[in-house]
Amino acid sequence: MKPVELGVTRRIPPKSPPQVQRLLDVLGDRELSLREIAEALGLSDRKNVMRNCVAPALDGGLVVRTVPDKPNSRFQKYRKA
């Protein structure tokens, strides 16, 4: 018998940068702030993390904000969609 997979598996769009896959791996089932994501990826510049990792994932619908109405909130975190 084949094991049954629960949930929906999202595929990364083929033109997505490899950083998006790393971001998804880091997020797992957690909600992380931009600072926590940068730290987990071993990067120091949060602006580059946002531009190169988080923004493409947001645009692709792979990641969502926990405070969608306030993208610049100090309480903002990101999780898988």
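Residues take their numbers from the sequence shown, with the count starting at 1.
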Donor-acceptor pairs under 3.5 Å, side chain of residues 59-70 to any protein atom, not counting sequence neighbours: which ones?
{"unit_1": "Thr66", "atom_1": "OG1", "unit_2": "Lys77", "atom_2": "N", "d": "3.1"}
{"unit_1": "Thr66", "atom_1": "OG1", "unit_2": "Lys77", "atom_2": "O", "d": "3.3"}

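- Residue Leu43 holds its CG atom at 6.0 Å from CZ of Arg22, rounded to the nearest 0.5 Å.
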* side chain to side chain contact (heavy atoms under 4.5 Å, CB included) between Met50 and Leu34: does it pass, once the steps are laid out? -> CA-CA 7 Å; Met50 183 63 178; Leu34 200 55; 4.0 Å; yes

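- Applying the side chain to side chain donor-acceptor pair (under 3.5 Å) test to Ser33 and every residue at least two apart in sequence or in another chain returns Glu36.
- Under the 4.5 Å side-chain criterion, counting only non-hydrogen atoms from C-beta, Gln21 is in contact with Asp25.
- The distance from the CG atom of Asn52 to the NZ atom of Lys47 is 13.5 Å, given to the nearest 0.5 Å.
- The line from CZ of Arg79 to CG of Asp29 is 11.0 Å long, rounded to the nearest 0.5 Å.
- A search for side chain to side chain donor-acceptor pair (under 3.5 Å) contacts involving Glu39 returns nothing, not counting sequence neighbours.
- Every side chain to side chain contact (heavy atoms under 4.5 Å, CB included) that Ala38 has, sequence neighbours left out, goes to Arg46, Val49.
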* Before giving the answer on side chain to side chain contact (heavy atoms under 4.5 Å, CB included), spell out for Cys53 and Leu41 the whole-Å C-alpha distance, their side-chain angles and the decisive distance to 0.1 Å. => CA-CA 10 Å; Cys53 301; Leu41 292 173; 4.0 Å; yes

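- When all heavy atoms are compared, the tightest approach of Val54 to Leu23 is CA-CD2, 3.9 Å.
- Under the rule for a side chain to side chain donor-acceptor pair (under 3.5 Å), the partners of Asn48 that lie at least two apart in sequence or sit in another chain are Asp45, Arg51.
- Taking Asn72 as the reference, nothing meets the side chain to side chain donor-acceptor pair (under 3.5 Å) condition, with sequence neighbours excluded.
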